[in-house]
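What follows is a set of notes on a single structure, which appears directly below.
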2 protein chains.
Amino acid sequence: MIQSLSEHDREKLQDSLAHSGQKVTPQREIVFAVLLAKRDHPTVEDVFQRARESMPGLSLATVYNCLETFVGCGLVRQVNHERESTRYCPNLAPHAHFRDEATGHVHDIELPPEIIQSLRSILPPGFNSETIEISFHGRSQESAQRSTSN
Amino acid sequence: MIQSLSEHDREKLQDSLAHSGQKVTPQREIVFAVLLAKRDHPTVEDVFQRARESMPGLSLATVYNCLETFVGCGLVRQVNHERESTRYCPNLAPHAHFRDEATGHVHDIELPPEIIQSLRSILPPGFNSETIEISFHGRSQESAQRSTSN
DNA sequence: TTGCAAGTTGGAATCATTCCAACTCATTTC
DNA sequence: GAAATGAGTTGGAATGATTCCAACTTGCAA
């Protein structure tokens, strides 16, 4: 069962939504809370399952809607890997993703500003990039120290 | 209409396939030739249309099969952008992709080895990555010098 | 000449996602 | 305070890329 949002997170939600002329709804609160509760890059289906524990009537379409809304107002990021289901991530700091082939798990990798800078610098003149997506693909020794939730 | 493969390319095809115990077939030759003819990161559907001009009986399933085979034996790379159709790219040199939001076109961006090196270095211990995918997302002034084919 | 294995084919099936029309509910308008 | 408005939600249908599958082809081997 998902805990309700902290004062601070509720405010963040409220602000971001208001900023693009949208409202806080019970569904959006729960979907957002689900994302914050376990930062394991859940799929829509994952979010749906988890959110339903708190709100059994919630529909899948609404989860899609909420997540799209959040992406639109900059509250969360989408993470795509090959053709797999889209995953969602409330970590807004610049970071790359590491996809563990063995487990399918996705880890955030902190991205130092100078790396971003040097990447931007390899673009030929005339190319202006707003976003850069970096994903590593390999294996990690997960078994040891694990900290998917926070 | 697609030209048949050069001696050199046919050999590359033959070698790569043989290496994983597979054969050259007329369908595979044509699909490979289509990829080499216009390096604009075609979708499966694009490849299908172009290849059909030379081989009207070719089926979509076969194009999927051929491309999967090529990826498997390292002849081509897959390029994914968000949830759009998978695109294919016969450029095997390490490179990133730039996706022009306005036109949807994908450009190869050369990737200097030191960038790859520095990216690898940001992985925490215990993470071993085989491949790194980098994609830029933005706008370019394409209208000017254009050179999608080669 | 028969059999086998790899490859191809078309159509059906799958699966994530999007679309849509009906419904809910809070707020505004008269 | 009833009616209208509009954003948001809902379930089911539709879409579209991809995969699956069973039948067919082909070249080669026994």
Side-chain angles (χ1 to χ4, degrees), chain A residues 13-14 16-34 41-52 54-73 75-89 104 106, chain B residues 13-14 16-34 41-52 54-73 75-89 104 106:
Chain A
L13 178 63
Q14 155 77 43
S16 299
L17 286 171
H19 209 263
S20 49
Q22 289 166 302
K23 297 171 199 164
V24 175
T25 66
Q27 289 87 345
R28 285 174 181 168
E29 284 190 21
I30 289 187
V31 169
F32 192 48
V34 164
H41 307 86
T43 62
V44 175
E45 199 62 38
D46 293 333
V47 174
F48 181 50
Q49 300 301 341
R50 295 176 198 173
R52 271 206 156 203
S54 310
M55 185 184 270
L58 182 68
S59 95
L60 181 59
T62 301
V63 176
Y64 273 99
N65 290 339
C66 291
L67 291 171
E68 194 193 338
T69 301
F70 295 164
V71 171
C73 67
L75 270 172
V76 308
R77 267 176 64 182
Q78 275 184 333
V79 184
N80 285 292
H81 256 287
E82 323 260 287
R83 303 229 91 243
E84 290 173 13
S85 306
T86 300
R87 295 172 176 278
Y88 292 84
C89 161
V106 177
Chain B
L13 177 62
Q14 155 77 43
S16 298
L17 286 172
H19 209 265
S20 50
Q22 288 165 306
K23 298 171 195 164
V24 175
T25 67
Q27 289 87 344
R28 285 174 180 168
E29 283 191 21
I30 289 186
V31 169
F32 192 48
V34 164
H41 306 87
T43 62
V44 174
E45 199 62 38
D46 293 333
V47 174
F48 181 51
Q49 300 301 341
R50 294 177 198 172
R52 272 209 155 201
S54 310
M55 185 184 269
L58 183 68
S59 95
L60 182 58
T62 300
V63 176
Y64 272 99
N65 290 340
C66 290
L67 291 170
E68 194 193 338
T69 301
F70 295 165
V71 171
C73 66
L75 271 172
V76 308
R77 268 177 63 182
Q78 273 185 332
V79 184
N80 286 291
H81 257 286
E82 324 260 287
R83 302 229 92 242
E84 291 174 12
S85 307
T86 300
R87 295 171 176 277
Y88 291 84
C89 162
V106 177

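Please read all numbers here as calculations on a predicted model, not as lab measurements. In the text below, chain A, chain B and the rest are named by the order of the sequence lines, each starting its count at 1.
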Give [X] one of three labels, base, sugar-phosphate or nothing, depending on what nucleic acid heavy atoms sit under 4.0 Å from its own.
{"X": "A:Gln22", "answer": "sugar-phosphate"}
{"X": "B:Thr62", "answer": "base"}
{"X": "B:Thr43", "answer": "nothing"}

Please determine whether a side-chain nitrogen or oxygen atom of B:Thr86 lies at a distance below 4.0 Å from atom OP1 or OP2 of D:dA17.
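So the side-chain polar atoms of B:Thr86 never come under 4.0 Å of the phosphate oxygens OP1 or OP2 of D:dA17.
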Examine D:dG8: is either OP1 or OP2 under 4.0 Å from a nitrogen or oxygen in the side chain of A:Arg28? Give yes or no.
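Yes, within the criterion.
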Length of the line joining [X]:[atom1] and [N]:[atom2], which is rounded to integer Å:
{"X": "B:Lys23", "N": "D:dG27", "atom1": "NZ", "atom2": "C1'", "value": "7 Å"}
{"X": "A:Gln27", "N": "D:dG8", "atom1": "CD", "atom2": "P", "value": "11 Å"}
{"X": "B:Glu45", "N": "D:dT15", "atom1": "CD", "atom2": "C1'", "value": "14 Å"}
{"X": "A:Leu60", "N": "C:dA16", "atom1": "CG", "atom2": "P", "value": "10 Å"}
{"X": "B:Glu29", "N": "D:dT26", "atom1": "CD", "atom2": "C1'", "value": "15 Å"}
{"X": "B:Tyr64", "N": "C:dT9", "atom1": "OH", "atom2": "C1'", "value": "15 Å"}
{"X": "B:Glu82", "N": "D:dA17", "atom1": "CD", "atom2": "C1'", "value": "16 Å"}
{"X": "A:Leu67", "N": "D:dT9", "atom1": "CG", "atom2": "P", "value": "11 Å"}

Can you tell me which nucleotide in D:dG12, D:dT18, C:dG7 comes closest to the side chain of A:Ala61?
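Minimum distance to the A:Ala61 side chain belongs to D:dG12.
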From the list C:dT9, D:dG11, C:dT17, which nucleotide is the closest neighbour of the side chain of B:Ser59?
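Of all the options, the side chain of B:Ser59 is nearest to C:dT9.
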By nearest heavy atom, map B:Arg87 and B:Asn65 onto DNA chain D; which one lands nearer the 5' end?
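It is B:Arg87, whose closest nucleotide lies nearer the 5' terminus.
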First encountered from the 5' end of DNA chain D, between A:Met55 and B:Asn80:
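Its nearest nucleotide being more 5', the pick is A:Met55.
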Would you say the side chain of B:Glu45 lies within less than 4.5 Å of the side chain of B:Leu60, judging by non-hydrogen atoms?
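Yes; the side chains approach each other to less than 4.5 Å.
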Among A:Val47, A:Val106, A:Asn80, which one satisfies side chain to side chain contact (heavy atoms under 4.5 Å, CB included) with A:Arg87?
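By the side chain to side chain contact (heavy atoms under 4.5 Å, CB included) criterion, A:Arg87 pairs with just one of A:Val47, A:Val106, A:Asn80: A:Val106.
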Is there a side chain to side chain donor-acceptor pair (under 3.5 Å) between A:Gln22 and A:Ser20 once you walk through the steps?
CA-CA 6 Å; A:Gln22 289 166 302; A:Ser20 49; 3.2 Å; yes
If only atom types and distance count, is the side chain of A:Arg83 paired as donor or acceptor with the main-chain N or O of B:Arg83 below 3.5 Å?
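Checked: pair present.
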Passes side chain to side chain donor-acceptor pair (under 3.5 Å), B:Asp46 versus B:Thr43? Steps please.
CA-CA 5 Å; B:Asp46 293 333; B:Thr43 62; 3.1 Å; yes
